[in-house]
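Just below is one structure, and these are the notes that go with it.
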Amino acid sequence: MRSDFDLERGEPLAAVVEALLGRDRGPEREAAFALVDAALRDSRAEVRAEGAWAADRACMLSRSAPQQLVESLRAAAVDDKTVVDMASLLGRLADAAEPAADVLAPLAGRNLDREDDHADRALAALVLVAPEQAAPLLAAGLGRRPRALDAATGLWDSESAAFPFDRELLDAVRSRLSRPAALRGNEPWQLTSLLAGWGAEAAAALPELCAAVPHLPGQASRALVSVAADCAPSDRDMAVAALRAAAQRDVLPAAKALYDLTDDPAPLLRCLEPELGRGGWDLRDAARTAAALGSRGAALAPLLRGALSDPGKDTTPALDTDTALAEALWRVTGDPEPVVAVLASVFDRAAQSQWTRWSVARVARATALLGPAGRPLTARLEAALDDPVQAPAAALALVAVADPAALDHAALASAALASAESDADPAGACDALEALGGAALNGDHLRRLEVLADGDARVVRSGVENRIIRQDEAFRERARALLATFRNTATP
C-alpha cells in the first residue's frame, strides 16, 4: 500500500533525483542533474518550482550538485517570488552560490528603511553568498533585518567564519548598541558577536561596549575580551575598568572577562562561590568557568562537590552538569579518585536510558582529560564502542586512558569510521582518528576514509537544515587532511 504522502506522489522529480543520487554512480548523477536543469529552465512556473525543490534535495545529498546546478538556479530566478523561494538554498550553498549573487541583490536592497520580510530573506542569503556585497545593505537596514543579522553572526553555527569587517556596518552596530533598551530579540547577542568576530578592528566600539556592560552583562563582557585583547593599552584599560566595576557588583560574566584580560582570579572566585552554591540552570556554565581557573580555583572544590546531583537522577541535564562538575574538580584539584567516582556514576546512570547517548559521549570526552588516571573507567568506555554516537568519544578516551598494549587500535579505527559512515558523529570520528594516528589504520581503513573525504555523497545528512552543508564541507576538509597525513604512516 502507498500513502498519498509518499514523496514520489507529492514531489515526483525530487523523488527520482534522490533515487538516482542514491546509486552514487557517475551516469546516474549526471542524469539527475540533467533532469533538474531542464525543470529549472522550463517556461512553466510550477515546473520551475518543482525543479527548485529537486535542486534543494540534490545539493543536500551530493557534494558536486551546487557547482553543477548554480547556473540553473540563477536562470530560474525570474521574479521576486522565485528569489524568495530559493533564498534559503542559496544561503546554505554560501560562496558556492556566488554566481547567483546578482539575482539576490535587487531584492536584498529593497525597502532598507523599513521592515520587509522578503527583502530580509534575500539579504540573509546574500550575507552568506557574497558578504562584502551584503555589508552596506545590512548596515543600512540594521534593526530591521533580523534574519540577515542572524546570518551574519552565525550565532549558533561553529562552522561559520566571522563576517568580514566593514566600517559602515561597525558604525551602524555602534549606533544600535548606544540604545540598549531599543534592542529586540537576539540583537544583543548578534551585535556583540559581530564585534567579537572583528577583534581589535572593532576598537572604535569600545565605548559603546563598556557602556552596555550594565545592561547586557553576558554579551558585552564576552565581546570586550575579544575586542580589547590586542588593542592599545589605553583601550584595554578602558575595558578593564568597565569590567572591574561590574565584577565588584558580582556580575559573573564580567568577572570571567576580567580574568581573561588581566589574569586576576580574585573577582572571579568571589562571583563563583554563590553561583556554585545556589545551583540551578546556570550551574553547568559556572562549573566550566571554575574549570578555567585550574589550580587557582582549588578553594572551590568543596562547592563543586556539594553541587553534584542526587545519585538517582538520570536526566540529561543532571548527567551533563555532573560531567561538567567532575571536569572542574579535576582541573582545580588534580585528584583523580573523586573525579573517577563521579564519572563512573554518570556512565552507570546514562546506561539506563536510551535518551542519554550524547551524555555518554560527553562523559567519555571528560574521561579522556584524566589520561592514565582514568584507567578504572576502561570497561565502561569499551561498552560504549558498540553505539555509533558514543564510539568516537569512547575511542578517543581509550587512547588517552587505557593501557596501550591492551588496545585493539584497528578496531577503534573501524568504530570511528563506522560512526562517520552512519552520520552519527562525523566530527567526533575525525577527533578519534587523529588521536589514533596513521599507524592504527590499514589499507581498508584508508579506502573507507577516502570515500568519506572524496566521495560525492554527503556524509553529514542530518541536523539543523541550514548547517548541514557547511558541516559536511568542514568534515570533508578535515577528512582530506587526515587522509593526506595517514597515507604516509598506514600499515599495509
Side-chain angles (χ1 to χ4, degrees), residues 2-104 107-108 118 121-122 124-126 128-130 147 151 423 451 454-473 475-476:
R2 291 184 178 271
S3 165
D4 288 341
F5 297 102
D6 286 346
L7 179 61
E8 60 266 32
R9 288 175 179 259
E11 300 287 351
L13 179 58
V16 170
V17 167
E18 186 168 339
L20 288 170
L21 292 175
R23 298 177 185 176
D24 200 20
R25 294 194 296 261
E28 285 88 342
R29 202 156 40 241
E30 291 176 10
F33 297 155
L35 286 171
V36 176
D37 175 75
L40 288 171
R41 296 178 185 276
D42 195 274
S43 60
R44 293 163 292 180
E46 64 274 17
V47 176
R48 293 196 302 272
E50 189 169 348
W53 174 240
D56 193 310
R57 291 299 302 141
C59 290
M60 296 292 276
L61 296 170
S62 163
R63 289 168 170 170
S64 62
Q67 183 179 359
Q68 294 294 322
L69 298 176
V70 65
E71 288 294 344
S72 307
L73 288 165
R74 182 177 178 275
V78 297
D79 52 35
D80 286 352
K81 181 183 183 306
T82 310
V83 172
V84 171
D85 289 343
M86 67 173 58
S88 171
L89 172 58
L90 294 176
R92 279 177 275 139
L93 299 184
D95 56 0
E98 190 171 4
D102 62 335
V103 304
L104 291 166
L107 181 56
H118 286 179
R121 291 173 185 270
L126 191 64
L128 299 169
V129 170
R147 294 179 187 274
D423 187 23
V451 171
D454 294 329
D456 185 74
R458 294 201 183 277
V459 173
V460 180
R461 301 179 297 277
S462 61
V464 179
E465 184 184 54
N466 62 2
R467 301 182 202 171
I468 290 174
I469 291 176
R470 286 202 296 280
Q471 287 175 343
D472 182 72
E473 294 298 332
F475 168 81
R476 176 166 63 163

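All of these numbers come straight from a predicted model, not from anything done at the bench.
At a threshold of 4.5 Å between non-hydrogen side-chain atoms, the residues R48 and V78 count as touching. For the pair S88/R121, no side-chain contact is recorded, criterion being any heavy-atom separation below 4.5 Å from C-beta on. Residues L93 and I469 have side chains in contact (heavy-atom distance under 4.5 Å, counting atoms from C-beta outward). Between L35 and L20 the shortest side-chain heavy-atom distance falls below 4.5 Å. Between R74 and D102, some side-chain heavy-atom pair lies under the 4.5 Å cut-off. In this structure, the side chains of E71 and L40 stay at 4.5 Å or more apart for every pair of heavy atoms.
Once rounded to the nearest 0.5 Å, the distance linking CG of N466 with CG of L89 reads 12.0 Å. Going from atom CE of M60 over to atom CZ of R92 covers 5.0 Å, rounded to the nearest 0.5 Å.
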From CA spacing to verdict: salt bridge (charged side-chain N to carboxylate O under 4.0 Å, His left out), E473, R470
CA-CA 5 Å; E473 294 298 332; R470 286 202 296 280; over 6 Å; no
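Between D42 and R44 a salt bridge is recorded (basic side-chain N to carboxylate O distance below 4.0 Å). Salt bridge annotation for R458-D423: absent, with no cationic side-chain nitrogen under 4.0 angstrom from a carboxylate oxygen.
The shortest non-hydrogen separation linking V36 to G51 is CG1-O, 3.7 Å.
Within a 6.0 Å sphere centred on CD of E28, other residues, nucleotides and ligands contribute more than 12 heavy atoms.
Inspection of the D85 and T82 side chains reveals no N or O donor paired with an N or O acceptor under 3.5 Å.
The side chain to side chain contact (heavy atoms under 4.5 Å, CB included) search around R29 returns L21, D24, F33, S62, S64, D456, not counting sequence neighbours.
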